[in-house]
Every structure is written in C-alpha cells, then in structure tokens.
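Below: the structure, in structure tokens.
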Amino acid sequence: MRISKEVKKTLSPLKAMAGKYELWDENSSAKSKRYRLTTIASLGSPDAIRILQGYQDAPDRGLEDWTYLALQECKLIFQASMLDHPPMFISTGLGGRGQQLRFFGAFFSEDGQPFEDTRKKVISGEVEYMFSKFGGKLEFLAFSGQFVTFWGLVPIDVSLNEKVQAAIDESNLLGAGLRKDFVLTNVKKLTFNELGGILEKIKNGKLGNSNGEQPF
C-alpha cells in the first residue's frame, strides 16, 4: 500500500501499459514485478483489469497475494470512476494477523437519529453473521449516536466491500435504517469527529483524499 501511494504521484498510463510484458519476463525480479503490478493496478481501467486477471491465472510464486490485492484495487478504482456518488471509503494499513487484514468499519443512521435497541440488535446480528460467513473474526462493535463502528480480522482473499454492502441491505430489510454509504479502512480507527466529517462529505457528494484515504 505504501508503494501504491508512491506510484500514484508520478503515474503515467502510457508507461504503465508499455511495461505490462515485464510481468511475464522470467528475467525480471520479484521486486520489479511487485512495482509493475502496483502501477498497473493504479490505472483502474478495463485494460488494466484484464492484464491483472491474465497474470493472476499463473502468477510467479510468492506474488499470489500481491497480484490479488492489485486486481482488487484496480477493480475498485474502476468502479469508483463509474459512479457519480461513490458508496464507500477505503484506505490501507491497520495491520492484521497471519493471512488476515484488520479493518475498521462504520455505518450511518439514515435518519440521523441515535439507534434504538431493536435496530442495534438487527445490525449487531448481521455484522456478526457477516464475519462468521467468510471465516473472519469480529473484534469490536459499538453504537454512538448516529454511528455504528466495528473492527475485525478479514481473510486477504475476501472482497469485504461486497460483504459489507450485503450486510447493510439485509439489515435494512429488517428495519435497521442504515445509509447505503459506509466507511472501511485499515489505516486506523477513526474518531467520531472524523466520521462526522466524512458524513458531511457524503451528504455534499464529496469524498476527497486530502487525508491520504482513497475513495472507491
């Protein structure tokens, strides 16, 4: 993720695509290929997705996880470019354990009001069930005003954004009253002040990356 942030500073789509053949070059080092994968992932285009999918079919030994993460980032950037109002917020770096990454997440009340006990039970149950379905571990979940916050361990090969969106949809079917927007980050555990700022950006249709986070 550190390299991903670095390559975006001087990203050249033409150079990135011109170097795609390095991925299949037996003489290229693993370090160089990691850089190349990260560069292509940052393009977030259909062509970049196809390249990464092609390499993922037979990646070099030791680059399997790196390739998977590169492909997921590329898909997320592409999806964001297709949306007028990006539905979530993702960053990177909170740590993990073994083959699992730790993510912090937050939901918002649709009506802006605190969650009553019934809604709390519905949301808690769905988040716990979500983690259990993909073999993750929910470590914390709490409610404060119009916010729901949680964090836990997630297997590296799980596309968490899809699971979270499904949990929100299921919760709302049971009357949870959650906004479709949500926050995911493994940079740090966000404060309620920070979440309030993000919510304001969402309401105004703005999700910038001034703090180093990337909106997807």
Side-chain angles (χ1 to χ4, degrees), residues 1-83 86-105 134-137 139 151-164 183-190 207-216:
M1 298 306 172
R2 175 182 55 79
I3 294 177
S4 179
K5 185 176 181 179
E6 290 177 357
V7 300
K8 288 179 175 61
K9 295 178 181 178
T10 57
L11 183 64
S12 169
L14 291 178
K15 289 183 179 179
M17 293 300 287
K20 63 184 179 181
Y21 300 106
E22 180 183 0
L23 296 177
W24 291 273
D25 185 352
E26 295 181 356
N27 297 317
S28 181
S29 68
K31 179 179 179 180
S32 182
K33 289 187 178 184
R34 285 195 293 268
Y35 183 87
R36 184 63 59 192
L37 285 166
T38 307
T39 302
I40 295 174
S42 298
L43 298 177
S45 67
D47 285 342
I49 292 173
R50 283 191 286 269
I51 291 169
L52 295 174
Q53 286 175 330
Y55 182 68
Q56 189 182 43
D57 290 339
D60 287 74
R61 185 175 180 180
L63 293 180
E64 296 89 351
D65 288 346
W66 196 284
T67 303
Y68 172 81
L69 290 174
L71 179 57
Q72 293 306 307
E73 179 184 18
C74 195
K75 287 181 177 179
L76 287 169
I77 294 174
F78 173 69
Q79 290 167 6
S81 70
M82 296 294 102
L83 299 175
M88 63 175 180
F89 205 88
I90 287 191
S91 300
T92 50
L94 190 61
R97 181 185 305 162
Q99 293 298 306
Q100 295 183 319
L101 298 174
R102 180 173 286 105
F103 279 87
F104 169 93
F134 57 66
K137 181 181 179 181
E139 297 177 312
W151 63 79
L153 296 168
V154 180
I156 197 171
D157 60 348
V158 169
S159 180
L160 186 57
N161 58 303
E162 297 174 2
K163 308 297 184 183
V164 170
V183 169
L184 284 177
T185 174
N186 70 338
V187 168
K188 64 177 183 177
K189 298 165 186 175
L190 300 175
L207 278 177
N209 58 355
S210 59
N211 293 319
E213 299 94 345
Q214 296 176 22
F216 296 129

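- In this structure, CD in Glu73 is found 13.0 Å from OH in Tyr68, a value given to the nearest 0.5 Å.
- Residues Thr67 and Pro59 approach most closely at OG1-CB, 3.9 Å, considering heavy atoms.
- The two residues Val154 and Phe134 have their closest heavy-atom pair at CG1-CE1, 4.0 Å.
- By the 4.5 Å heavy-atom criterion applied to side chains, Ser45 and Phe78 are not counted as neighbours.
- Distance check, rounded to the nearest 0.5 Å: CD1 of Ile40 to CG of Leu11 gives 10.5 Å.
- Looking only at side-chain heavy atoms (C-beta outward), Phe103 and Val183 stay at 4.5 Å or farther from each other.
- Side-chain contact between Ile51 and Leu43: absent, with no pair of heavy atoms (C-beta onward) separated by less than 4.5 Å.
- Within the 4.5 Å cutoff, no side-chain heavy atoms of Lys33 are placed close to those of Ser29.
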Stepwise, does the side-chain contact (heavy atoms from CB on, under 4.5 Å) test hold for Leu153 with Leu101? CA-CA 5 Å; Leu153 296 168; Leu101 298 174; over 6 Å; no

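- Atom CG of Leu63 and atom NZ of Lys31 lie 13.5 Å apart (nearest 0.5 Å).
- Using a 4.5 Å cut-off on side-chain heavy atoms (C-beta onward), Lys75 and Gln53 make contact.
- Heavy atoms from other residues, nucleotides or ligands lying under 6.0 Å from OH of Tyr21 number 12 at most.
- By the 4.5 Å heavy-atom criterion applied to side chains, Trp66 and Thr38 are counted as neighbours.
- Distance CZ/Arg34 to CG/Leu23: 13.0 Å, rounded to 0.5 Å.
- The distance from atom NZ of Lys8 to atom CD1 of Ile3, rounded to the nearest 0.5 Å, is 11.0 Å.
- Glu22 and Ser28 share a side-chain donor-acceptor pair at under 3.5 Å.
- Checking side-chain atoms of Glu162 against main-chain N and O of Leu160 turns up no donor-acceptor pair under 3.5 Å.
- Looking at every heavy atom in both residues, Gly105 comes nearest to Leu184 through CA-CD2, 4.1 Å.
- When atom types are taken as modelled, the side chain of Lys189 and the backbone of Trp151 share no donor-acceptor pair closer than 3.5 angstrom.
- Between Glu139 and Arg102 there is a side-chain heavy-atom pair separated by less than 4.5 Å.
- Of the possible polar contacts, one joining the Gln100 side chain to the Gly135 backbone as a donor-acceptor pair under 3.5 Å is found.
- For the atom pair Leu52 CG and Cys74 SG, the distance stands at 5.0 Å (nearest 0.5 Å).
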